[in-house]
Every structure is written in structure tokens, then in C-alpha cells.
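Okay, structure first, notes after.
In listed order, ligands and their atoms are each counted from 1.
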Amino acid sequence: MTQHRVRVALGERAYDILVGGGLLDRAGEHIAPLLRRSFAVIVTDENVAARHLEPLKRALAQQGIGSEAIILPPGEAQKSYAGFEHLCEALLALKVERRDHLIALGGGVIGDLVGFAASVLRRGMDFIQVPTSLLAQVDSSVGGKTAINSRQGKNLIGAFHQPRLVLADVDLLRTLPPRELRAGYAEVVKYGLLGDAEFYAWLEANGTKLLSGDAALLAEAVARCCAHKARIVAADEREEGERALLNLGHTFGHALEAETGYSQRLLHGEGVAVGMALAFRLSGTLGLCDADLAPRVERHLAETGLPARLADVDGAQAFSAERLLDHMRQDKKVRDGKLVFILAEAIGRAVQRDDVPVEAVQGLLSEQLDRRAA
Ligand code: GLY
């Protein structure tokens, strides 16, 4: 299978994202040139460790790289003050040095947590991302956003800290639970919707086959998403402008995640899927884009097994428009008290807007919630 190399052009902090099959088994070859001593600490979770830790340790050992592993319980709860403290203390107990590299082996939770620890430990260490979920491969492992959660909301305590290398091995995606793979696919769809109409059409044609585990299609999709994200991050690392477009679907999505308690009732990507469909509905209502685009988006999400409407979310009968709006008011994009939405002028043309009347959002939510009762 073709191996793709995507460069994130950030001057002296530039790095490569390698995408393809068999990368875990050759991880040592790619990591060795970065290290200053032949040692690294791998941080992972119990589920990922069971499948992928030994192969990674073996691949490092083949290049003479010694490693220690810290294995955390799985789940979002690790992205807490307590989880962060536990990880930092465990790393310091291993006497990690400032010039060592941490390796984040896992999904978005591990990547965000390890990246944040790396950003502050000994005032800043290097780290490498080995993402094992589709969501992490196409989004969270790239671009240097790291964070833990606060009681006030998700990802509110964090830093921009770029990895030194990302190894996205698509073979690792084959063992993912189908629901998790689909949830990650929502972030793939996001790239088409926000900035690449041709890619979106390609996904409409290939999405179902890709989700059945076709490695070549997965690699092509991951590489295209990473190339797209790399370009945006290089132009706007700290989200002063264009990078905010990557939050398409996230204002609604985060509100839904908060309302469902960040639980298995709604995975992050599923929230993003509903959120993207709502963003297209809202864009249609406001006359920003053709009203027939929202049904097209909903159709593709539904045919790939993703939720597309509020009614598709577990427990939707208990939602209220006011509570969802309250969650949105905690969004990181709120500016001068105004909600900021990523909306669409077309498929492949997203725009940031801070002038959306709250009544329009309320109307859309109420309409979908009323329909739920019908
Ligand atoms: N996940 C959105 C970003 O990295 O900017």
C-alpha cells in the first residue's frame, strides 16, 4: 500500500505525518532519528495496550530504543485534573528528562492528555503521536491542540504544543469497534463539507466501502484529511481565523455531548455528525446556502450509520432547546458574549459567523425537538 507523507510546515517546529499500513511495526525506524537518547516513554490505555503496546515496544527495541510504558484506564475521565496529576507523577517517577520523547499511543483522550503533559512537564518536552482511532488520525493527533477538561466544559485547560511526528497506521483501524470507526468518519466528512466539495463527492461514492475496512480507501481518506488540516494549521496555528472552520458541527455537537454527559450515549463524532447536519439546516434557514443541501448531508450521514437529527440521539425526548443553548454559551468560540457558528455557503465552503440570531437557533432546535414528539 502507498505510504503518504504530509508535512506540517511550521518552521523549526515542522513535522511529518506518515499515513499508511504497517507503520507500527516500523515505528522504531521513524522515531529513532528524532531521539536524543535511546529511550522513550509510551503512554497508552488498557484497551490499546492489549493490542498494540507489545508491537510498538518490539519495533522500538529493533532500533535499540529502550522504553517504559504507562498504561491508563480507558475513557474521557482521564482528561481530568486527577488524571493529569496521576500521569505527570508517573512520568516524573520514571525520571523522564526534558530532552526525552513521550509517545502517545491511543485515541483522542490519550493524545490530548499526553500532549498537555508534554507541554508543561519539565517546562516542555517533545512528544510523538501514534493515533489508533480514525478520529485521532484525521483530527486530534494533528495540529498541536492538547487539553484536559474542566467542570465547566471540555478541553478548557490546555495548550498548543505540536508533536514531533505523527504515525497514522491505518491497519490499526481494522480492529476498532464499528461504532467508533463510524464516529471517526464524521470528522472525515467534516473536511469535505468545510473545504473540499470534490472530496465530499468522493466520500459519497466510497464512504460505505471505506467503513467496511478497505485499507487503501482508509489510507487515502486519512492522508487527504491530514493534508487539509496540515495546510490550515500551517496558516493559522492558534486559531485566529481559518482554523476555526475545523469546528464545523462542534458548537451543536459539544452541546449535545454535554447534555448526554459525555457518555456512550453519544460519541464525540456522533455529536459532530448531528451538529454538521444542524449547521447545514441553519445555513439553509438563514439563506446562506441552498435549502436542499441539508437533506443531502443528512442522507450521507444516515447511509453510513451516523445520527443526523436530534431525534437520533439517545434520550432526545428529554432535551430542551434552552438547555442546549445554555451549553453553547460555554463554547470556546463565544466572543463578547455572542455565539459563533461555523455555517456553510455551499458544500466545501464553510464560513464563521458571529451574527446568527439566537432565535434562529432556538427555532431550529425547537422544530427538531417538536418533530421528535410527533
Ligand atoms: N480539532 C480542531 C482543531 O484541531 O483545530
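The 12-atom threshold is not exceeded at CZ of Arg51, counting heavy atoms of other residues, nucleotides or ligands nearer than 6.0 Å.
For ligand 1 and Lys145, the ligand atoms under 4.0 Å from any heavy atom of the residue are 2 (C), 3 (C), 4 (O), 5 (O). Listed by number with element, the atoms of ligand 1 under 4.0 angstrom from any heavy atom of Arg243 are 3 (C), 4 (O), 5 (O). For ligand 1, the atoms closer than 4.0 angstrom to any heavy atom of Leu246 are 2 (C), 3 (C), 5 (O).
Here the protein heavy atom with the shortest distance to atom 4 (O) of ligand 1 is Lys229 NZ, 2.5 Å. Summary of contacts: the protein heavy atom closest to atom 1 (N) of ligand 1 is Asp139 OD2, 2.9 Å.
Listed for the Arg36 side chain is a donor-acceptor partner under 3.5 Å among the backbone atoms of Arg99. Checked by atom type and distance alone, the side chain of His250 pairs as donor or acceptor with a backbone atom of Leu248 at under 3.5 Å.
Ring geometry, Tyr200 versus His300: the interplanar angle exceeds 60°, so the pair is classed perpendicular (tilted spans 30 to 60°).
In this structure, His250 has no heavy atom closer than 4.0 Å to ligand 1.
Using a 4.0 Å cut-off between charged nitrogen and carboxylate oxygen, Glu220 and Arg224 count as a salt-bridge pair.
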